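Below is one structure, written out as structure tokens; comments come after it.
A quick note: this is a predicted structure, and the numbers were derived from the prediction, not measured. Numbered from 1 within each chain, the chains take letters A, B, ... in sequence-line order.
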Protein chains: 2
Amino acid sequence: MSTVRSSTTPFICGLDAALRVVSGKWKPLILFFLAKDPKRYGELKRCVRGVSDKMLIQQLKELEVDGIVVRTDYKEIPPRVVYELSPFGFTLADALIPLCEWGTEHTDIIEKALVRRVTA
Amino acid sequence: MSTVRSSTTPFICGLDAALRVVSGKWKPLILFFLAKDPKRYGELKRCVRGVSDKMLIQQLKELEVDGIVVRTDYKEIPPRVVYELSPFGFTLADALIPLCEWGTEHTDIIEKALVRRVTA
DNA sequence: CAGCATCCAAGAAGATACTG
DNA sequence: CAGTATCTTCTTGGATGCTG
């Protein structure tokens, strides 16, 4: 979410902590699509429309370091690398469901609000 | 959550939509503290430690445009302005509770992960 | 196919000073 | 007290081209 607070400052609350993990332009979408099933790099890139290699890799690496995503390299040629959620990752995905539903439920209101933001 | 996707691109899913509202360095914290009770500007600023006037006002304004926060100016001298969540704002705050709990539950893991991010 | 490296643009955030 | 305004810095993200 937009960028959030510096990684060195202490957390103010649990929400703050959680948001440091899911914040990042493409992370929620990565979570969303990987929650459905494991995907190869190329597949995932096609799901997350508009993302560049640089961004996708960067965010995947952070999620991997955070223990959310598991990367499996099959060492084949041509390369085959599969990304999936860890059990810990699934707990995060679960925690995001209400927010996901909230967004789905209020999509039109949100859309209008964002337009207002620009004109305002 | 870190900054998220451009405000003009269509939402990919509900989560995407929701994150456009809560993304912003201080928004989750603002939500968090206002969910407890309404607060004057100065009070809120003291709660959200480290925030500058510029940032606090900016994020409050966006939340106001988004219909999450209600601003009441009592037109007194010295000024008294109170911020509180709208009913819509409370539905969002509710949707954030699981994420908040997730963060609280895994604070230590997250903290370690963030350190790893820096060193890696 | 699955990435990495480099350069550059845009936006977010901080510091500082000032106002009704 | 509750903001504004301006300037600068820092961080993100995008485009492009290359590699095993």
Atom [atom1] of [X] and atom [atom2] of [N]: how far apart are they, to the nearest Å?
| X | N | atom1 | atom2 | result |
| --- | --- | --- | --- | --- |
| B:Ile77 | D:dA2 | CD1 | P | 13 Å |
| A:Lys25 | D:dG14 | NZ | P | 3 Å |
| B:Lys39 | D:dG3 | NZ | P | 16 Å |
| B:Glu64 | D:dA2 | CD | P | 15 Å |
| B:Glu76 | D:dG3 | CD | P | 13 Å |
| B:Asp73 | D:dG3 | CG | P | 7 Å |
| B:Leu56 | D:dA5 | CG | P | 16 Å |
| A:Arg80 | C:dG3 | CZ | P | 13 Å |

Out of [options], whichever nucleotide has its closest atom nearest the side chain of [X]:
| X | options | answer |
| --- | --- | --- |
| B:Gln58 | D:dA2, C:dA2, C:dA13 | C:dA13 |
| B:Tyr41 | C:dG3, D:dG3, C:dA2 | D:dG3 |
| A:Pro79 | C:dG3, C:dA2, D:dG3 | C:dA2 |

Taking the side chain as every heavy atom from C-beta outward, state whether B:Tyr41 and B:Ile57 have any atom pair closer than 4.5 Å. yes
Does the A:Lys39 side chain pair with the main chain of A:Phe33, one donor and one acceptor, at a distance under 3.5 Å? yes
Are the side chain of B:Arg80 and the backbone N or O of B:Tyr74 linked by a donor-acceptor pair below 3.5 Å? no
Rounded to 10 degrees, the angle between the two terminal axes of the helix from C:dC1-D:dG20 to C:dG20-D:dC1, each from five pairs: 50°
Begin with the C-alpha distance, continue with both residues' side-chain angles, and end with the deciding distance and a verdict on salt bridge (Lys or Arg N to Asp or Glu O under 4.0 Å) for A:Arg20 and A:Asp16. CA-CA 7 Å; A:Arg20 306 232 196 159; A:Asp16 185 19; 3.2 Å; yes
Value rounded to 0.5 Å, distance of NZ in A:Lys45 from CE in A:Met55: 12.0 Å
Nearest 0.5 Å, what's the CD1-CG distance between A:Ile110 and B:Asp66? 8.5 Å
Is the shortest side-chain N/O distance from B:Arg40 to OP1 or OP2 of D:dG3 below 4.0 Å? no
Any side-chain N or O of A:Arg71 less than 4.0 Å from the OP1 or OP2 oxygen of C:dG3? yes
Show each protein N/O and nucleotides 4-10 of chain C N/O combination with a separation under 3.5 Å, one pair to a line.
residue, atom, partner, partner atom, Å
C:dC4, OP1, A:Lys61, NZ, 3.2
C:dC4, OP2, A:Lys61, NZ, 3.4

Using heavy-atom distances to pick each residue's nearest nucleotide on DNA chain D, tell me which of A:Ser52 and B:Pro78 is more 5'. B:Pro78
Classify the ring geometry between B:Trp102 and A:Phe88 as parallel (under 30°), tilted (30 to 60°) or perpendicular (over 60°). parallel
For B:Gln59, report the nucleic acid contact type (base, sugar-phosphate, nothing); a contact means any heavy atom under 4.0 Å. sugar-phosphate
Any base atoms under 4.0 Å from A:Tyr74, or only sugar-phosphate, or nothing? Heavy atoms, all strands. nothing
Passes side-chain contact (heavy atoms from CB on, under 4.5 Å), B:Trp26 versus B:Leu44? Steps please. CA-CA 11 Å; B:Trp26 309 96; B:Leu44 186 56; over 6 Å; no
Test A:Leu34 against every option in A:Ile30, A:Leu31, A:Asp37 by the side chain to side chain contact (heavy atoms under 4.5 Å, CB included) rule and name the one that passes. A:Ile30
Side chain to side chain contact (heavy atoms under 4.5 Å, CB included) with B:Leu85: of B:Leu92, B:Val69, B:Leu63, only one passes, and it is B:Val69
